[in-house]
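Structure first, commentary second.
What you see below is based on every heavy atom in this structure, not just the backbone, and it leaves out hydrogens, waters and symmetry mates. Note that the numbering runs from 1 along the sequence shown for the chain.
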Amino acid sequence: MTRSLMLAWLAGICLCLWGAWLPSGPVLWTTLIAAALLAWRWPQGRWIAVLLMGGCWAALHAEHVLSRQLTPAAEGSEIVVQGRVANLPAHEARRSVFLFDVDETTGSAAELRGKRIRLSWYDAYGSTAPGPRRQLLANQRWRFSIKARAPRGLSNPGSWDSERHALAQQLAATGYVRQPDRAVLLQPASGLQAWRETMSDRIARSVSVDGSRFVRALALGDTRALTDRDWEILRAAGLTHLIAISGFHVGLVAAAFALLVGLVWRAFPSLMRYLPLPQVLGWAAVVGASVYAGVAGFGLPALRTVAMLLVVVIARSWRRPLAVMDALGLAMSVILLLAPLSVLTAGFWLSFAGVAWLAWCLPDGPQHWLRGFLSAQAVATVGLLPLTIALFGQASAVGIGANLLAIPWWSLVVVPLSLLGTALEVIHGGSGEWAWRAAAACFQPSWDLFAWMARSPAALWWLPQAGRWALPLALLAAFWWTLPRGVPGKALASLLWLPLLWPDRELPRAGEAELVVLDVGQGLSVLVRTAGHTLLYDAGPAVRDGFDAGERVVVPTLHALGVRRLDKLIHSHADADHAGGLVAVSAVYPVAATLGPLGSPLPVQTPCQAGVGWRWDGVEFRFLHPPPHFPYLRNESSCVLRIKTAHGVALLTGDIGEVIERDLLRRGPEDVRADVVVAAHHGSASSSQPAFVRATQARLVLVSSGHGNRFGHPQAAVVQRWQRAGAEVLDTSSAGALRVWLSAQGLQLRENRAHRRRLWDAVRRRQAAGLSYRPDNTRPDAPED
């Protein structure tokens with residue numbers, strides 16, 4: 001397979017999976033067979049045929065996975081499943097999360113048999129210590145009573161796409177364990193995964209210093225013990241690619257295996273009569289790399305290295321020369337043949353693109369090791385920068401310096417000691433503890449240094465979400481920069497970085513305003529921007545030791561929209577579904593002023609009171625409620641904010657009920673007149689009374705609610721009431737984040753799910769099937785992933 005055909009195979013898979021729809025199965029099979037015949041009979045157009053084959057192959061895999069997801073008929077009901085824990089369970093403060101391979105079911109969900117699901121096991125309410133969920137171990141067999149539903153997530157600019165992740169992991173459902181006291185352990189842990197967990201526990205017991213968790217990550221690929229702060233430091237220092245098992249680490253183990261086997265062959269020269277030394281060294285490297293990949297949990301970087309080694313060894317066994325790029329391309333093609341959905345993961349792109357960039361740009365001839373190392377680091381940094389920004393929305397300003405220190409020290413000192421300890425422990429229990437302690441002792445000083453570097457304000461740059469063409473242009477610019485000296489146009493090529501580094505943030509002009517109702521589940525968070533100021537009204541729900549919309553949704557979305565600071569942070573009232581995420585947001589963003597109702601249990605610098613207002617960039621802001629001396633009554637004390645632009649009015653109502661709505665009409669019916677209204681109390685039947693609806697004369701009503709919420713929000717009667725009054729009603733649970741511009745061009749709207757259509761979109765697939773979502777009794781502290 002030539003390089004052009006391998007690229008065509010990759011391009012076909014990407015074009016399919018980045019599209020918005022899937023053809024039917026018969027069409028895909030027919031096209032696949034026709035493309036294969038075309039590739040056989042038409043050599044000149046073979047790359048076109050391979051491109052079609054790649055697209056059809058990926059589409060067939062995606063269609064198969066999506067068709068196996070749980071159907072609506074089985075959602076919400078309690079079912080009993082039994083099967084095997086498929087990974088190392090992640091034990092959090094109040095829950096454990098794990099993958100579960102179902103082999104038997106009872107009840108209405110027989111369709112789950114033979115499929116993989118993701119489950120959460122929660123502690124009982126009010127518990128002060130972890131419950132029986134801590135008994136979970138990899139490769140155990142259990143029987144559970146669960147509630148499950150098809151994978152579905154929140155949809156916001158720049159935030160985590162859990163529906164894409166579920167497709168890449170081939171998940172049929174997500175759910176949680178019901179009646180955990182009735183869970184039954186059917187079979188104890190065994191196999192490779194159980195061994196990994198046992199060895200990880202030994203490292204934790206043997207190494208008492210903080211570096212224990214990193215020894216587990218580097219030796220076994222077990223990153224469960226790493227904290228959020230650890231990941232923040234790794235991202236800021238640009239070191240996330242090293243802390244799990246990298247391809248370079250696998251290569252070191254492969255070289256060690258080859259060296260040991262080579263010593264045996266040299267000690268017994270007669271063995272060379274049967275197996276030549278070069279072939280023995282190659283296959284020993286493959287075996288060593290495969291063993292380590294298994295120990296590390298078969299991560300994508302490890303599999304890439306094993307596949308490349310295998311391709312090279314086979315080629316040399318046949319006495320065929322093979323370049324690095326060809327070996328990489330063949331390894332990539334094999335992985336995409338077996339798992340085409342892996343292109344949906346960031347690890348695929350960082351793994352293969354990093355090696356491809358080095359192989360393409362670095363010279364083939366010999367050079368000094370230091371010069372080669374520095375060149376490789378510079379090439380990797382420049383080449384992977386566009387991908388890092390596109391995938392994670394961030395770039396590390398200290399990454400080059402941190403990698404120059406971490407790569408040789410961690411890879412040549414810490415990792416070998418960690419692996420030596422693991423190998424000695426396999427040979428004899430307790431003999432590897434000294435090596436693990438030495439690895440942790442060597443790691444800790446470097447970690448302190450990197451944590452200091454990460455604390456620099458300029459260490460991590462967050463960049464706004466860019467357009468679709470920004471990444472290809474930046475990759476072209478990076479390629480041009482790394483061409484040999486004397487190639488013209490390098491300064492001009494720098495301009496190609498601009499769409500990625502400084503994208504259009506779509507800010508309103510003077511006298512205009514933008515509202516973004518974030519998809520936070522059952523809660524509320526609204527971003528309001530003018531030409532030069534930013535206001536956040538509520539920050540979404542949060543549960544203690546559980547889902548925090550401020551951390552998981554609001555902060556990433558603000559980063560993606562290019563928000564640098566918050567001029568005002570308003571919590572409409574102190575209920576957890578509105579104010580739960582405030583702590584996470586305040587920890588990341590500087591806030592000039594915090595506002596809330598008088599008497600709120602949360603800190604308030606300035607109370608929101610009727611009549612209080614200000615003016616930003618030609619836009620007027622004024623509170624309509626609560627009036628002075630109004631007691632704090634939770635929902636009824638919600639801050640009602642009126643935003644008046646030169647082109648329309650918006651009204652944010654919090655959770656007020658019909659009593660406050662009538663009071664607003666009594667005090668000033670003209671003040672509630674608005675073009676855009678964020679529906680009160682998530683569309684509850686206790687709000688949006690008919691007189692208030694008529695008085696607003698709203699053209700657009702935005703509802704923030706969670707899919708399948710137990711309250712039934714928004715109520716059908718409320719939606720119909722607004723619609724009869726002439727308003728269009730949109731709900732974040734089905735549309736995702738809602739962006740509205742009150743501008744000179746009129747009232748403009750963007751629904752996030754419709755704007756970025758994806759073939760795995762759960763809402764659109766159900767709508768295409770003529771299905772709608774219905775409320776169920778999903779746990780209130782287990783919102784959409």
For a quick check under 3.5 Å, do [X] and [Y] share a side-chain donor-acceptor pair by atom type?
{"X": "S734", "Y": "D731", "result": "no"}
{"X": "D538", "Y": "S572", "result": "yes"}
{"X": "H713", "Y": "Q522", "result": "yes"}
{"X": "S637", "Y": "H573", "result": "no"}
{"X": "W760", "Y": "D161", "result": "yes"}
{"X": "T240", "Y": "W231", "result": "no"}
{"X": "S638", "Y": "H625", "result": "no"}
{"X": "N752", "Y": "S155", "result": "yes"}
{"X": "H647", "Y": "D675", "result": "no"}
{"X": "E658", "Y": "S687", "result": "no"}

What distance separates [X] [atom1] from [Y] [atom2], expressed to the nearest 0.5 Å?
{"X": "D519", "Y": "S704", "atom1": "CG", "atom2": "OG", "result": "7.0 Å"}
{"X": "I570", "Y": "L582", "atom1": "CD1", "atom2": "CG", "result": "11.0 Å"}
{"X": "D567", "Y": "T530", "atom1": "CG", "atom2": "OG1", "result": "7.5 Å"}
{"X": "L471", "Y": "L391", "atom1": "CG", "atom2": "CG", "result": "7.5 Å"}
{"X": "T732", "Y": "L738", "atom1": "OG1", "atom2": "CG", "result": "6.5 Å"}
{"X": "W741", "Y": "T645", "atom1": "CH2", "atom2": "OG1", "result": "14.5 Å"}

Do [X] and [Y] come within less than 4.5 Å of each other through their side chains, counting heavy atoms only?
{"X": "W461", "Y": "I389", "answer": "no"}
{"X": "V563", "Y": "L566", "answer": "yes"}
{"X": "I643", "Y": "V528", "answer": "yes"}
{"X": "L749", "Y": "L730", "answer": "yes"}
{"X": "L524", "Y": "Y537", "answer": "yes"}
{"X": "V740", "Y": "L702", "answer": "yes"}
{"X": "Y589", "Y": "L558", "answer": "yes"}
{"X": "F623", "Y": "L595", "answer": "yes"}

Any ion pair linking [Y] and [X] (charged N to carboxylate O, less than 4.0 Å)?
{"X": "R739", "Y": "E751", "result": "no"}
{"X": "R673", "Y": "D671", "result": "no"}
{"X": "E232", "Y": "R229", "result": "yes"}
{"X": "R757", "Y": "D761", "result": "no"}
{"X": "D123", "Y": "R95", "result": "no"}

Take atom [atom1] in [X]; do more than 12 heavy atoms of anything else shown fall under 6.0 Å from it?
{"X": "W614", "atom1": "CH2", "result": "yes"}
{"X": "R634", "atom1": "CZ", "result": "no"}
{"X": "K568", "atom1": "NZ", "result": "yes"}
{"X": "L633", "atom1": "CG", "result": "yes"}

R529, H533, R509 screened by side chain to side chain donor-acceptor pair (under 3.5 Å) with D617, the one that passes: H533
Is the backbone of [Y] close enough, under 3.5 Å, to the side chain of [X] for a donor and an acceptor to pair up by distance?
{"X": "T557", "Y": "V553", "answer": "yes"}
{"X": "E75", "Y": "A150", "answer": "yes"}
{"X": "E551", "Y": "F547", "answer": "no"}
{"X": "Y632", "Y": "A574", "answer": "yes"}
{"X": "R642", "Y": "R622", "answer": "no"}
{"X": "E512", "Y": "L742", "answer": "no"}
{"X": "D575", "Y": "D577", "answer": "no"}
{"X": "D230", "Y": "T227", "answer": "yes"}

Could you check F392 against W462 for ring-ring contact (aromatic ring centres under 6.0 Å, His included), going step by step and ending with a plain yes or no? CA-CA 9 Å; F392 307 113; W462 290 96; 9.7 Å; no
Starting from the C-alpha separation in whole Å, work towards a yes-or-no answer on side-chain contact (heavy atoms from CB on, under 4.5 Å) for L569 and L535. CA-CA 6 Å; L569 178 58; L535 177 152; over 6 Å; no
So which atom in [X] and which in [Y] form the shortest heavy-atom distance, rounded to 0.1 Å?
{"X": "S688", "Y": "E661", "result": "N-OE2, 2.7 Å"}
{"X": "A474", "Y": "L500", "result": "CB-CD2, 3.6 Å"}
{"X": "A695", "Y": "V672", "result": "CB-CG2, 3.8 Å"}
{"X": "V520", "Y": "V554", "result": "CG1-CG2, 4.4 Å"}
{"X": "P627", "Y": "R667", "result": "CD-NH2, 4.1 Å"}
{"X": "V703", "Y": "G683", "result": "CG1-N, 4.2 Å"}

Report the C-alpha distance between Y176 and W121 in whole Å, list the side-chain angles of each, state the deciding distance to 0.1 Å, and finish with yes or no for ring-ring contact (aromatic ring centres under 6.0 Å, His included). CA-CA 6 Å; Y176 64 95; W121 185 340; over 10 Å; no
Could you tell me how the ring of H165 sits relative to the ring of W160: parallel (under 30°), tilted (30 to 60°) or perpendicular (over 60°)? tilted
Test side-chain contact (heavy atoms from CB on, under 4.5 Å) applied to V177 and S120, step by step: CA-CA 6 Å; V177 176; S120 298; over 6 Å; no
For side-chain contact (heavy atoms from CB on, under 4.5 Å), just list the numbers for T534 and R565, CA-CA rounded to whole Å, side-chain angles, deciding distance to a tenth of an Å, and then say yes or no. CA-CA 7 Å; T534 305; R565 71 182 190 283; 5.9 Å; no
List the steps and the verdict of salt bridge (Lys or Arg N to Asp or Glu O under 4.0 Å) for R750 and E506. CA-CA 12 Å; R750 180 183 297 168; E506 301 179 287; 2.7 Å; yes
Please evaluate residues V677 and W722 with respect to the criterion side-chain contact (heavy atoms from CB on, under 4.5 Å), reporting the C-alpha separation (whole Å), side-chain torsions for both, the decisive distance (0.1 Å), and the verdict. CA-CA 10 Å; V677 175; W722 283 108; 4.1 Å; yes
Could you go step by step and tell me if H681 and H578 meet the ring-ring contact (aromatic ring centres under 6.0 Å, His included) rule? CA-CA 10 Å; H681 204 183; H578 290 249; 7.9 Å; no
